[in-house]
Q: 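Here it is, the structure in full.
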Amino acid sequence: MSRYEDFYRRSTDQPEAFWAEQARLIDWHQAPTQILDASRPPFYRWYVGGQTNLCHNAIDRHLAERADQPALIAISTETGSERSYSFRELHAEVQRTAAVLLELGVQRGDRVLIYMPMVAEAAFAMLACARIGAIHCVVFGGFASGSLASRIEDAEPKVVVSADAGSRGGKVVPYKPLLDEAIRLSRHKPSAVLLHDRGLAPMELTAGRDHLASAASQKHAQAVVPCTWLDATDISYTIYTSGTTGKPKGVQRDVGGYAVALAASMKHIFDGRAGETYFSTSDIGWVVGHSYIVYGPLIAGMATIMYEGLPTQGMDRQPDGGIWWHLVEKYKVTVMFSAPTAVRVLKKQDPALLKKYDLSSLRALFLAGEPLDEPTARWISDGLGVPIIDNYWQTESGWPIITLPGGVEGRPAKFGSPGIAMYGYKVKIVHETTGEELTAPNEKGVVVIEGPTPPGFMQTVWRDDERFVNTYWKSIPGKLVYSTFDWGIRDEDGYYYILGRTDDVINVAGHRLGTREIEEAISGHANVAEVAVVGVADALKGQVAMAFVVPKTGNAATDSAEALKLEGEIMKRVADDLGALARPARVRFVPGLPKTRSGKLLRRAIQAVCEQRDPGDLTTLDDPATLQAVRAAVAAG
Ligand code: ATP
Ligand code: MG
């Protein structure tokens, strides 16, 4: 048995012994009396009786050894600012913010909604909440009033922490008017709003409710706020899923299990070591930002980079496709985390930019959030010369479900596969209608997780246990298993391949086709930058595939002769790879694809437009112009 097989088996056969051992990676105020309470599935409670604190583990614990080492490095190519906070400085900042929140009446268990750009103060606020036992609910900055209002209503925060504005590509996005409107729309009204004035946009303060953060924290400059010891099973935060497939779900997470899960993943998966620098290009509004910008690296004693700006913009706000690599060189980043969608943006830049900087500190680049297509993986792998590690997980899981356990044992990557099941996760492939487990290699089914789900996994849907059970645990007939709602296969070596979401399957004349497979075939064409395939209702065939392609070069989006030629080439490619049946009915060319704010394809919106239906909830749509372009392309025939 290989080292990892042994490790994995212990995690599934003796979960209590395994996770008791992992629990030593963090500090406990009081050790747990019971490692796992599985008496009420699917509500698994980890580290019962234990008391700890996320902020203590992220900051205080490191003061003895590394008080003057960098902890948080905040860089903005939007404002041209760059500042590094040592663990000691971060400790002071977080205590100031904690004191301000306490003064505003925030108590243990109260919610604090954080609607902030990617600035250091956003991380201070998260850590301050963790410190005093308040539940944070971070909402992606720049979400419009409607999305923000529904989250305020759901979370019922006592306090909202926000700022005058964010900035994107040099364009100021005022937050305050959006927040004011959201509070007006919401039935729940926060009692106080704490505002960071970055000097980017004017703010009108509402007397009695709005407070300027600078004045408030000056008053508490010398604040000493000890960590509140929390039960391991207390709630640390809630966060909403991306809303790619429907209405976002409020994912709720614990304290102790999450701390252990992150500490363990930093060691066994990311292989990040204390004193090194971690750079995740995500946003604190997403789960990756929670786990691997703020908590994970800090718990591991690493410095973490918070980056505000485009991947293609320099400190002088001039175009610079090499800015991330410059930061890797400057801060000697050892572990980097990004998303395929960001790499596709970089792919349009000069590849020489990847060779311009000294990237010798970098050990690996992790990518997650979406399927990693082979051309993108190869491009970045050739360019960086370090392992590219795909990792598959969800907001719900909090940390990778399927990837490679680099810290336990080196395993070769396989293109197209995020890897093997991580310790603690009993990943299974089951038949969608019979619920039967598919054990033979390469049989396609739904990817599910058998309980007990590991530490760090969601506790429930915030204030809606019933939705948690019914949505996630009751979708496979006859079995209480957690459904990921993704299709997948497992090969003979235990490597999984994710084949798209369960609602992304189309049925052409009785044949079931995954849109992801068709997209893979299309993205192999040299002139395809991005592609989305959706199934569209068809009177004759039931459904047909429609492809929307962003060409890399040329004018296919506007020049019909060129479009016709490229469409023919793409059709042929799909027919050669997958068979004539999989050939899309049409290939249409657009300048960009509709995506969520987290950069995921919004296939359901494209499909609705093709079927002349109302596209439904568009609050998570990033750029309305992209959907407009899809509409125009469909209308043009
Ligand atoms: P919602 O559940 O609200 O529709 P969402 O599923 O997009 O939104 P997230 O939790 O951010 O919200 O995304 C998780 C999903 O992203 C996974 O279920 C999977 O479909 C996809 N995904 C994440 N990582 C990968 C990966 N490495 N390869 C393939 N797909 C991935
Ligand atoms: Mg999901």
Side-chain angles (χ1 to χ4, degrees), residues 138 140 143 147 150-151 154 238-251 253 269 282-292 337-343 365-374 376-377 388-404 413-422 425 427 446-449 456-458 461 467-468 471-472 475 482-489 495-505 514-517 519-520 523 594-605 616-622:
V138 182
F140 178 69
F143 255 146
S147 337
S150 66
R151 287 155 174 82
D154 196 52
T238 66
I239 181 175
Y240 294 86
T241 57
S242 305
T244 309
T245 51
K247 191 170 171 282
K249 303 168 276 277
V251 166
R253 220 177 300 288
I269 298 174
S282 182
D283 189 285
I284 48 151
W286 316 127
V287 69
V288 176
H290 285 60
S291 294
Y292 299 114
F337 195 132
S338 193
T341 182
V343 176
L365 169 65
F366 291 82
L367 297 174
E370 272 186 294
L372 175 61
D373 59 281
E374 210 168 312
T376 301
I388 305 302
I389 303 177
D390 190 1
N391 55 128
Y392 164 83
W393 47 299
Q394 306 183 308
T395 308
E396 292 87 342
S397 71
W399 59 282
I401 300 168
I402 297 171
T403 185
L404 297 173
K414 293 193 190 188
F415 274 119
S417 165
I420 57 183
M422 282 303 99
Y425 286 105
V427 182
V446 182
V447 180
V448 303
I449 300 165
F457 204 85
M458 75 187 290
V461 171
R467 188 171 175 207
F468 173 62
T471 304
Y472 293 106
S475 81
Y482 172 89
S483 175
T484 63
F485 298 104
D486 288 310
W487 296 111
I489 56 171
Y495 282 67
Y496 288 82
Y497 293 79
I498 302 298
L499 304 175
R501 299 172 186 250
T502 50
D503 56 1
D504 285 346
V505 164
T515 50
R516 160 102 203 265
E517 295 157 80
E519 286 170 3
E520 279 276 344
S523 69
K595 293 186 178 169
T596 63
R597 297 304 299 255
S598 53
K600 292 160 186 268
L601 263 180
L602 257 178
R603 287 197 192 75
R604 67 177 163 86
D617 181 16
L618 287 182
T619 50
T620 56
L621 175 66
D622 182 25

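Keep in mind that the numbers below use all heavy atoms, side chains included, and drop hydrogens, waters and symmetry copies. Whatever order the structure lists them in is the order used to number ligands and atoms, beginning at 1. Please read these numbers as outputs of a predicted model, since none were measured by experiment.
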Q: Give a yes or no on whether the backbone of Trp487 and the side-chain of Thr502 come within a donor-acceptor separation of less than 3.5 Å.
A: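 Judged by distance alone, no pair lies under 3.5 Å.
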
Q: Could you work out, with ring-ring contact (aromatic ring centres under 6.0 Å, His included) as the rule, every residue matching Phe366, not counting sequence neighbours?
A: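 Phe366 satisfies ring-ring contact (aromatic ring centres under 6.0 Å, His included) with Phe270 once adjacent residues are dropped.
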
Q: Taking the side chain as C-beta and beyond, is there a heavy-atom pair between Phe143 and Ser150 under 4.5 Å?
A: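 Side-chain contact under 4.5 Å: no.
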
Q: Report, in ascending order of atom number, the atoms of ligand 1 lying under 4.0 Å from any heavy atom of Glu396.
A: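 So the atoms of ligand 1 that pass are 10 (O).
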
Q: Leu372 to ligand 1: N or O pair under 3.5 Å?
A: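 No, since none of the N or O atoms of Leu372 sits under 3.5 Å from an N or O of ligand 1.
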
Q: Which ligand 1 atoms does Pro371 reach within 4.0 Å, using its non-hydrogen atoms?
A: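 Going through ligand 1 atom by atom, the ones under 4.0 Å from Pro371 are 28 (N), 29 (C), 30 (N).
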
Q: Suppose we measure from atom 22 (N) of ligand 1 to each protein heavy atom; which comes out shortest, and what is that distance?
A: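 The closest heavy atom on the protein side is Gly369 O, 3.4 Å.
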
Q: Do you know which two heavy atoms are closest between Tyr497 and Phe415, and how far apart they sit?
A: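 Smallest heavy-atom distance, with atoms named: CE2-O, 3.9 Å.
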
Q: What about the rings of Phe337 and Trp286, do their centers lie closer together than 6.0 Å?
A: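 Ring-ring flag for Phe337/Trp286: false, centres at least 6.0 Å apart.
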
Q: Tell me whether Arg603 is salt-bridged to Glu519, with the criterion being a basic N under 4.0 Å from an acidic carboxylate O.
A: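 A salt bridge links Arg603 with Glu519.
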
Q: Starting from atom 18 (O) of ligand 1, what is the nearest protein heavy atom, named by residue and atom, and what distance separates them?
A: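 That would be Asp486 OD2, 2.6 Å.
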
Q: Considering only non-hydrogen protein atoms, determine which one is nearest to atom 7 (O) of ligand 1 and report residue, atom name and distance to 0.1 Å.
A: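 In this structure, atom 7 (O) of ligand 1 has Thr244 OG1, 2.4 Å as its nearest protein heavy atom.
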
Q: Under the ring-ring contact (aromatic ring centres under 6.0 Å, His included) rule, collect the residues that match up with Tyr392, sequence neighbours excluded.
A: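 Once residues adjacent in sequence are excluded, Tyr392 has no partner under the ring-ring contact (aromatic ring centres under 6.0 Å, His included) criterion.
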
Q: I need the contact type for Asn391 against ligand 1. Using non-hydrogen atoms and a strict under-4.0 Å cut-off, is it side chain, backbone, both or neither?
A: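 Contact part for Asn391 vs ligand 1: backbone (N, CA, C, O).
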
Q: Among all protein heavy atoms, pick the one closest to atom 2 (O) of ligand 1 and tell me residue, atom and distance.
A: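 Its nearest protein heavy-atom neighbour is Lys249 NZ, 3.2 Å.
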
Q: Going by the closest heavy atom to atom 11 (O) of ligand 1, which one wins out of Pro340, Ser397, Ser242?
A: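 Selected option, by shortest heavy-atom distance: Ser242.
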
Q: Could you state the interatomic distance from CG (Asp283) to CZ (Arg597), rounded to the nearest 0.5 Å?
A: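 Taking CG in Asp283 and CZ in Arg597, the distance rounds to 9.5 Å.
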
Q: Write out the residue and atom name of the closest protein heavy atom to atom 6 (O) of ligand 1, then the distance separating them to 0.1 Å.
A: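 Checked against all protein heavy atoms, atom 6 (O) of ligand 1 sits closest to Arg501 NH1, 2.8 Å.
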
Q: What protein heavy atom is closest to atom 4 (O) of ligand 1, reported as residue, atom name and distance in Å?
A: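 That would be Thr245 OG1, 2.4 Å.
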
Q: Touching ligand 1 at all, Ser598? Heavy atoms, strictly under 4.0 Å?
A: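 It does not, in that no heavy atom of Ser598 comes within the 4.0 Å cut-off of ligand 1.
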
Q: Indicate, as side chain, backbone, both or neither, the part of Thr395 found under 4.0 angstrom from ligand 1 when only non-hydrogen atoms are considered.
A: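 Both backbone and side chain.
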
Q: I need the nearest protein heavy-atom contact for atom 13 (O) of ligand 1: residue, atom name and distance, please.
A: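 Answer for atom 13 (O) of ligand 1: Lys600 NZ, 2.8 Å.
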
Q: Of all heavy-atom pairs between Pro248 and Thr620, which one has the smallest distance, and what is that distance?
A: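 What the structure gives for the nearest pair is CG-CG2, 4.4 Å.
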
Q: I need the contact type for Trp393 against ligand 1. Using non-hydrogen atoms and a strict under-4.0 Å cut-off, is it side chain, backbone, both or neither?
A: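 For Trp393, the contact with ligand 1 is made by the backbone alone.
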
Q: Between Ser598 and Ser242, do the side chains contain a donor N or O and an acceptor N or O under 3.5 Å apart?
A: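 Distance-only check passes for Ser242 and Ser598.
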
Q: Name the closest protein heavy atom to atom 26 (C) of ligand 1, giving the residue it belongs to and the distance to 0.1 Å.
A: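 Residue, atom and distance for the closest contact: Glu370 O, 3.3 Å.
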
